[in-house]
Engineer: 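Please read through the structure below; I'll follow up with questions.
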There are 2 protein chains.
Amino acid sequence: MTKQAETTIHDIAKYLNISASTVSRALNDNPLISEATRKKIRKVANEMGYRPNTLAANFRTKRTNTIGVIVPLINRHFFSSVISGIEDIAYSQGYTVSISQSNDNFQKETKIAKTMFNNRVDGVIVSIGMETKSFEHLELFLERKIPLVFFDRAVDEINAHKIVVDDFGGAYRVTKHLIEQGAKKIAHIGGPTNLKIYEDRKQGFLEAMKDAGLKTDKKLIIHNSLRHDDGVDAIRKLMDKNKKIDAIFCANDTTALSAIVYLKELGIKIPEDILVMGFSNEPFSRVTTPSISTVKQPGFLMGQKAAELLIHQINNKKADIKYQTLVMPTELLIRESSQKNVLNLH
Amino acid sequence: MTKQAETTIHDIAKYLNISASTVSRALNDNPLISEATRKKIRKVANEMGYRPNTLAANFRTKRTNTIGVIVPLINRHFFSSVISGIEDIAYSQGYTVSISQSNDNFQKETKIAKTMFNNRVDGVIVSIGMETKSFEHLELFLERKIPLVFFDRAVDEINAHKIVVDDFGGAYRVTKHLIEQGAKKIAHIGGPTNLKIYEDRKQGFLEAMKDAGLKTDKKLIIHNSLRHDDGVDAIRKLMDKNKKIDAIFCANDTTALSAIVYLKELGIKIPEDILVMGFSNEPFSRVTTPSISTVKQPGFLMGQKAAELLIHQINNKKADIKYQTLVMPTELLIRESSQKNVLNLH
DNA sequence: TTGTAGGCGTTATCAT
DNA sequence: ATGATAACGCCTACAA
């Protein structure tokens with residue numbers, strides 16, 4: 001029984017003097033098959049070391065039970081949380097998750113999309129890269145009726161389910177909070193505005209300023225890629241130009257940390273002299289000194305929701321789908337970096 | 001040309017009055033095909049919206065160009081770094097990466113392994129879960145000659161390439177450093193010792209103590225799952241039992257942070273009263289107060305190495321392979337939590 | 001409840 | 001340089 005070649009359903013069939021279809025049915029728990037034969041077949045399959053060739057089955061059925069996930073970067077807390085959530089649901093529903101990172105590179109993103117399509121994934125979950133401004137590579141999926149769900153970095157122009165964060169609201173509340181703490185000249189270090197999330201955060205900021213009757217100095221708004229070095233550059237520019245800033249709202253925690261470190265070096269005290277806030281609630285933001293006030297995004301939950309919507313769409317391909325945009329609530333985490341005159345609660 | 005059904009190489013062949021094999025060859029850049037026909041075929045394929053059915057090709061060739069990755073948890077900086085490194089190499093070599101998390105659950109790990117096998121992944125990269133003490137689910141791959149590479153949490157009993165960290169050496173140097181800082185009664189909060197990495201860290205600790213002529217009190221060694229709550233529990237027990245501890249070596253940064261927070265609450269000063277060290281260099285450890293001294297593991301690089309070894313093995317299945325264990329050097333990161341009488345360099 | 005037969009799209013072998 | 005043909009392992013009408 002230790003054959004070299006792989007055991008197939010035909011081998012089992014031959015051994016039992018039955019037909020391959022019966023074997024196939026039994027192994028797939030088709031109710032037509034009697035309990036007796038099913039058991040018999042199972043037993044022999046086991047003994048013969050049978051391993052279903054999912055590849056052949058997929059080819060035949062044109063389904064792969066695979067979900068493709070495209071993210072800018074795997075190694076980033078928010079994204080890995082989302083992936084973890086996706087995997088959680090996908091696994092429980094019998095799906096495999098295939099992940100690629102675009103590294104915020106448009107070319108790579110395009111190639112990944114093509115590869116996933118050619119691999120006939122059953123559906124795709126995407127968060128687009130910073131450089132992505134055209135979308136043919138994603139429209140491909142829609143044309144061929146392959147379900148597509150966006151999370152976080154969604155695309156307005158494409159009609160699909162979207163799981164996003166209330167960036168506008170989050171930014172609005174951040175700004176309002178800063179204003180309530182007495183800030184008047186608030187700077188904003190944002191991300192590239194071709195990404196809706198950063199545009200929304202900026203708009204939330206502007207709206208809150210307006211509603212409070214505060215003027216926004218355009219020079220106090222800087223956009224960059226929000227990496228560590230960008231943060232340092234931005235804060236340096238900001239401080240060179242204008243020394244009267246009393247608060248900075250950074251579009252992510254990395255930049256907020258860069259700002260804090262840089263300002264500390266200048267002898268500027270946080271929060272006493274300048275208030276700082278971030279966005280995303282990276283794990284480190286809780287434990288810095290001062291701890292960084294930020295906005296919590298429910299990454300794991302978003303991943304779960306995205307996977308649920310996607311799988312539902314996969315299972316109901318026929319139905320006309322009313323696409324929904326799930327706006328996940330954000331939570332304002334007020335910590336030390338944004339509170340004046342408060343006991344250190346840490 | 002807007003057919004409902006997918007365009008196949010046969011459609012292209014029919015359209016051009018040539019054979020499907022020629023089309024197949026042309027599309028695969030087989031040198032036998034003349035430049036002229038190749039171009040012609042490419043053009044038509046494009047116009048007809050042809051998408052290669054990788055599924056069919058995989059089925060035929062028995063290769064999937066897919067690497068399976070099994071990790072305890074995706075959403076953990078070290079692991080997501082490794083995954084990122086794997087993806088980096090895999091992508092550049094034309095492989096797709098399929099990832100699943102075991103959540104440190106043995107049952108899930110087993111099921112994942114089966115699924116990956118049935119999906120005929122070309123190779124697997126694994127870091128086993130905390131509960132994993134038997135290995136049939138992994139031996140399956142070896143029996144069927146499917147390359148398997150371990151990283152970090154490897155298995156002694158299985159003969160395969162392994163990318164591990166110098167846990168023993170790292171722990172030894174941690175301990176030596178603590179001793180040099182004047183510590184004499186050093187506690188160790190370690191992980192489950194069925195995992196070699198934690199056993200090694202413990203052994204490194206013990207060896208360094210011995211070499212320094214220090215006695216180790218067994219009551220000062222606690223093993224648990226190293227999650228946040230476990231850390232708090234462990235440090236509480238430690239402090240209840242014995243108040244004369246002057247240093248704690250934690251087997252990960254999460255536990256080190258738990259310890260620091262708990263000790264701070266007791267009014268104990270770090271590093272003045274008790275030195276604390278962690279392991280792994282989680283991003284947060286750099287920015288806590290005090291910053292946490294720890295051991296850096298090159299996650300991304302490990303992922304790259306693992307993928308390289310695996311792919312090499314996939315491409316050389318015939319050859320007898322001399323399995324190697326790559327022990328990646330660790331870097332001791334001395335920060336504030338372990339240095340007495342030093343200027344705050346932060 | 002089980003069997004028969006055909007085909008999914010591609011590649012590989014052999015022939016021309 | 002190109003064509004004809006078979007085969008990969010499985011599923012699914014349809015038949016019995």
Side-chain angles (χ1 to χ4, degrees), chain A residues 3-42 44-45 48-66 94 115 117-122 144, chain B residues 3-42 44-45 48-66 94 115 117-122 144:
Chain A
K3 282 189 181 174
Q4 281 300 59
E6 298 265 324
T7 307
T8 72
I9 52 173
H10 287 102
D11 299 328
I12 300 174
K14 207 172 290 169
Y15 183 84
L16 285 172
N17 265 320
I18 55 178
S19 81
S21 23
T22 303
V23 177
S24 171
R25 289 185 185 111
L27 260 19
N28 287 310
D29 286 322
N30 184 319
L32 287 175
I33 302 297
S34 75
E35 194 52 33
T37 41
R38 187 198 321 285
K39 269 191 183 161
K40 193 173 57 185
I41 291 171
R42 274 253 143 78
V44 172
M48 295 179 79
Y50 172 74
R51 290 276 144 198
N53 186 334
T54 310
L55 226 51
N58 288 345
F59 169 50
R60 176 62 232 255
T61 58
K62 300 182 190 301
R63 289 186 97 245
T64 53
N65 291 305
T66 296
T115 304
F117 182 92
N118 293 346
N119 273 309
R120 302 293 191 269
V121 292
D122 288 343
R144 305 296 182 100
Chain B
K3 281 190 183 176
Q4 281 302 58
E6 298 264 324
T7 307
T8 73
I9 52 174
H10 287 102
D11 299 328
I12 299 174
K14 206 172 291 171
Y15 183 85
L16 286 172
N17 265 319
I18 56 179
S19 80
S21 355
T22 304
V23 177
S24 172
R25 289 185 186 112
L27 261 18
N28 287 310
D29 287 320
N30 185 319
L32 288 175
I33 301 296
S34 76
E35 193 52 32
T37 39
R38 187 198 319 283
K39 269 190 183 161
K40 192 173 58 185
I41 290 170
R42 274 254 143 75
V44 172
M48 294 179 79
Y50 171 74
R51 293 274 144 198
N53 187 334
T54 309
L55 226 50
N58 287 346
F59 169 50
R60 177 64 231 249
T61 59
K62 299 181 191 301
R63 289 186 96 248
T64 52
N65 292 304
T66 296
T115 305
F117 182 92
N118 292 347
N119 274 308
R120 301 295 192 268
V121 293
D122 289 343
R144 304 295 183 100

Engineer: Using the side chain to side chain contact (heavy atoms under 4.5 Å, CB included) rule, take B:Tyr50 and B:Val44 through it: C-alpha gap first, then chi angles, then the decisive distance, then the call.
Structural biologist: CA-CA 8 Å; B:Tyr50 171 74; B:Val44 172; over 6 Å; no
Engineer: Round to the nearest Å and state the distance from B:Lys62 atom NZ to D:dA7 atom P.
Structural biologist: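 Going from B:Lys62 (NZ) to D:dA7 (P), I get 13 Å.
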Engineer: If I take atom CG in residue B:Asn30 and atom P in nucleotide D:dT2, what distance separates them, rounded to the nearest angstrom?
Structural biologist: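 Taking CG of B:Asn30 and P of D:dT2, I get 10 Å after rounding.
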Engineer: What residues, two or more places apart in sequence or in another chain, satisfy side-chain hydrogen bond (donor to acceptor under 3.5 Å, both in side chains) together with A:Asn53?
Structural biologist: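 For A:Asn53 there are no side-chain hydrogen bond (donor to acceptor under 3.5 Å, both in side chains) partners, ignoring immediate neighbours.
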Engineer: Which residues pass the side-chain hydrogen bond (donor to acceptor under 3.5 Å, both in side chains) test with B:Arg60, not counting sequence neighbours?
Structural biologist: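 B:Arg60 satisfies side-chain hydrogen bond (donor to acceptor under 3.5 Å, both in side chains) with no residue once adjacent residues are dropped.
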Engineer: So, is B:Ser19 near the phosphate of D:dG3, with a side-chain N or O under 4.0 Å from OP1 or OP2?
Structural biologist: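 For D:dG3, OP1/OP2 do have a side-chain N/O of B:Ser19 under 4.0 Å.
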Engineer: Want to settle it: does B:Leu32 or B:Arg120 sit nearer the 5' end of DNA chain D, counting the closest nucleotide to each?
Structural biologist: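 Between the two, 5'-proximity favours B:Leu32.
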Engineer: Dump the intermediate steps for side chain to side chain contact (heavy atoms under 4.5 Å, CB included) on B:Lys62 and A:Glu6, then the final yes or no.
Structural biologist: CA-CA 11 Å; B:Lys62 299 181 191 301; A:Glu6 298 265 324; over 6 Å; no
Engineer: Measure CZ/B:Phe59 against P/D:dA7 and give the value in whole Å, please.
Structural biologist: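 Those two atoms, CZ and P, are 13 Å apart.
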Engineer: End-to-end bend of the helix from C:dT1-D:dA16 to C:dT16-D:dA1 (five-pair axes, 10° rounding)?
Structural biologist: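 About 30°, once rounded to a multiple of 10°.
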Engineer: Can you check the A:Ile33 CD1 to D:dT12 P distance for me, whole Å?
Structural biologist: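 These atoms are roughly 13 Å apart.
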Engineer: Report the distance from atom CG of A:Asn118 to atom C1' of C:dG9, rounded to the nearest whole Å.
Structural biologist: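 Between C1' of C:dG9 and CG of A:Asn118: 13 Å.
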Engineer: Calculate the interatomic distance between A:Asn58 atom CG and D:dT12 atom P; express it in whole Å.
Structural biologist: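 Spelled out: CG on A:Asn58 to P on D:dT12 is 12 Å.
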Engineer: Using whole Å, what does the distance between atom P of nucleotide D:dG9 and atom CG of B:Leu55 come to?
Structural biologist: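 Going from B:Leu55 (CG) to D:dG9 (P), I get 15 Å.
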Engineer: Among all residues two or more places apart in sequence or in another chain, which pass the side-chain hydrogen bond (donor to acceptor under 3.5 Å, both in side chains) test with B:Thr37?
Structural biologist: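 With neighbours one apart ignored, the set is B:Ser34.
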Engineer: Would you give a per-nucleotide map of nucleotides 11-16 of chain C, 5' to 3', where B means the base has a protein non-hydrogen atom under 4.0 Å away, S means only the sugar-phosphate does, and - means neither?
Structural biologist: BBBB--
Engineer: Taking only residues two or more places apart in sequence, or in another chain, which ones meet A:Arg51 in a salt bridge (Lys or Arg N to Asp or Glu O under 4.0 Å)?
Structural biologist: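 Not a single residue meets the salt bridge (Lys or Arg N to Asp or Glu O under 4.0 Å) criterion with A:Arg51.
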Engineer: Can you see if the side chain of A:Thr22 gets near the phosphate of C:dT1 - specifically, an N or O under 4.0 Å from OP1 or OP2?
Structural biologist: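 So the side-chain polar atoms of A:Thr22 never come under 4.0 Å of the phosphate oxygens OP1 or OP2 of C:dT1.
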Engineer: Can you check whether A:Thr37 has a side-chain N or O nearer than 4.0 Å to OP1 or OP2 of C:dT1?
Structural biologist: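 No, no such contact exists.
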Engineer: To the nearest Å, how far apart are B:Asp11 CG and C:dC8 P?
Structural biologist: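 One finds 11 Å between P of C:dC8 and CG of B:Asp11, rounded.
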Engineer: With A:Thr22, which residues qualify under side-chain hydrogen bond (donor to acceptor under 3.5 Å, both in side chains), at least two apart?
Structural biologist: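 Partners of A:Thr22 under the side-chain hydrogen bond (donor to acceptor under 3.5 Å, both in side chains) test: A:Ser19.
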Engineer: Taking distance alone, no hydrogens or angles, what donor-acceptor pairs closer than 3.5 Å link side-chain atoms of residues 23-33 of chain B to residues at least two apart or in another chain?
Structural biologist:
from, atom 1, to, atom 2, distance (Å)
B:Asn28, ND2, B:Ser24, O, 3.0
B:Asp29, OD1, B:Arg42, NH1, 3.4
B:Asn30, OD1, B:Leu32, N, 2.8

Engineer: With sequence neighbours excluded, what pairs up with B:Arg63 under the salt bridge (Lys or Arg N to Asp or Glu O under 4.0 Å) test?
Structural biologist: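 Residues passing salt bridge (Lys or Arg N to Asp or Glu O under 4.0 Å) with B:Arg63: none at all.
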